[in-house]
Trainee: 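Mind looking over this structure? Questions follow.
Each residue takes its place number in the sequence, starting with 1. Bear in mind that the values here come from a model prediction, so they are computed numbers and not experimental data.
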Amino acid sequence: MNVDKKREIQRKYKEQMRKKKVTYTVEAVVVTAIVVLIIFLNCVIKGF
């Protein structure tokens with residue numbers, strides 16, 4: 001019984017870590033896109 005509880009807790013923890021990893025990658029992509037967009041717009045505006 002105790003071993004089953006441990007395995008269940010470990011499985012839930014691993015699932016939560018996977019979900020967090022996905023959200024971190026999405027946030028990283030969004031932040032990178034915003035930074036690139038700001039740099040690009042800055043160069044374009046200076047060109048005018």
Side-chain angles (χ1 to χ4, degrees):
M1 183 85 181
N2 198 10
V3 174
D4 290 338
K5 277 187 175 182
K6 278 186 177 179
R7 285 186 181 156
E8 183 68 21
I9 290 170
Q10 285 177 341
R11 189 181 60 80
K12 286 181 180 179
Y13 180 76
K14 285 180 183 176
E15 283 178 8
Q16 285 178 346
M17 286 296 113
R18 278 192 213 119
K19 287 179 184 175
K20 281 186 179 181
K21 192 179 268 187
V22 169
T23 57
Y24 286 149
T25 54
V26 169
E27 287 174 359
V29 168
V30 170
V31 168
T32 306
I34 290 172
V35 169
V36 169
L37 190 66
I38 289 172
I39 293 171
F40 176 74
L41 288 175
N42 198 10
C43 291
V44 169
I45 290 171
K46 281 184 180 177
F48 290 117

Trainee: Compare all side-chain heavy atoms of R18 with those of E15 and state whether any distance is below 4.5 angstrom.
Mentor: yes
Trainee: Cluster partners of V29, using ILVMFWY side-chain heavy atoms under 4.5 angstrom, listed by chain and number?
Mentor: none
Trainee: Mind checking who shares a hydrophobic cluster with Y24, ILVMFWY linked at side-chain heavy-atom distances under 4.5 Å?
Mentor: none
Trainee: Test of understanding: with salt bridge (Lys or Arg N to Asp or Glu O under 4.0 Å), list the residues that count as partners of E8, not counting sequence neighbours.
Mentor: R11
Trainee: Answer yes if V30 and I38 sit in the same cluster of Ile, Leu, Val, Met, Phe, Trp and Tyr residues linked by side chain heavy atoms under 4.5 Å apart, and no otherwise.
Mentor: yes
